[in-house]
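If you're wondering where the values come from, they're calculated on a predicted model, not measured in any experiment.
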Amino acid sequence: MKEINLKVEGMMCTGCENRIQNAVKNMNGIKSVKADHTTGTVKIEAEDGIEESKIKEKIENIGFERIEKNEKELLQYLINGLKELNRVK
């Protein structure tokens, strides 16, 4: 079993959460799905063999955009941007 955490843009309400949860939980190998529009996150518990790319594709196919970078990558991106701003001063 593995946990997959995705950032998703475009969730505005609980209806959006339900659309994502229903679409993903019906996929083979998915044990649980929890979408949260307030944080823009989707947490998924899946069997080890499930391909994360298939889940991402499913989310895109129902009209939502994924943020490719994970939290660590986003943090590093922001740090690099701040360093660049300080360098330009």
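- The distance from the NE2 atom of His37 to the CE atom of Met12 is 9.0 Å, given to the nearest 0.5 Å.
- Cys16 and Gly10 get closest at one heavy-atom pair: SG-O, 4.0 Å.
- Partners of Asn61 according to the side chain to side chain donor-acceptor pair (under 3.5 Å) rule, which considers only residues two or more places apart in sequence or in another chain, do not exist here.
- Nearest heavy-atom pair across Ile44 and Leu6 is CD1-CD1, 4.1 Å.
- Counting heavy-atom neighbours within 6.0 Å of Asn26 CG, excluding the residue itself, gives a total above 12.
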Please report the C-alpha distance between Thr41 and Val8 in whole Å, then the side-chain angles of each, then the deciding distance to 0.1 Å, and finally whether the side chain to side chain contact (heavy atoms under 4.5 Å, CB included) criterion is met. CA-CA 6 Å; Thr41 58; Val8 176; over 6 Å; no
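- Between Met1 and Glu45 there is a side-chain heavy-atom pair separated by less than 4.5 Å.
- Glu60 contributes no side-chain N or O that, together with a main-chain N or O of Glu65, makes up a donor-acceptor pair within less than 3.5 Å.
- Scanning for side chain to side chain donor-acceptor pair (under 3.5 Å) contacts around Thr14 gives an empty result, with sequence neighbours left out.
- Between the side chain of Lys2 and the backbone N or O of Ile50 there is at least one donor-acceptor pair closer than 3.5 Å.
- Annotation: salt bridge (charged side-chain N to carboxylate O under 4.0 Å, His left out) contacts involving residues 17-44, sequence neighbours excluded, comprise Lys31-Glu47.
- Within the 4.5 Å cutoff, the side chain of Met11 has heavy atoms near those of the Phe64 side chain.
- When side chains are defined from C-beta on, Ile55 counts as touching Ile4, because their heavy atoms get closer than 4.5 Å.
- Annotation: side chain to side chain donor-acceptor pair (under 3.5 Å) contacts of Glu52 (sequence neighbours excluded): Lys56.
- Remark: Glu3 engages Asn5 in a side chain to side chain contact (heavy atoms under 4.5 Å, CB included) (not counting sequence neighbours).
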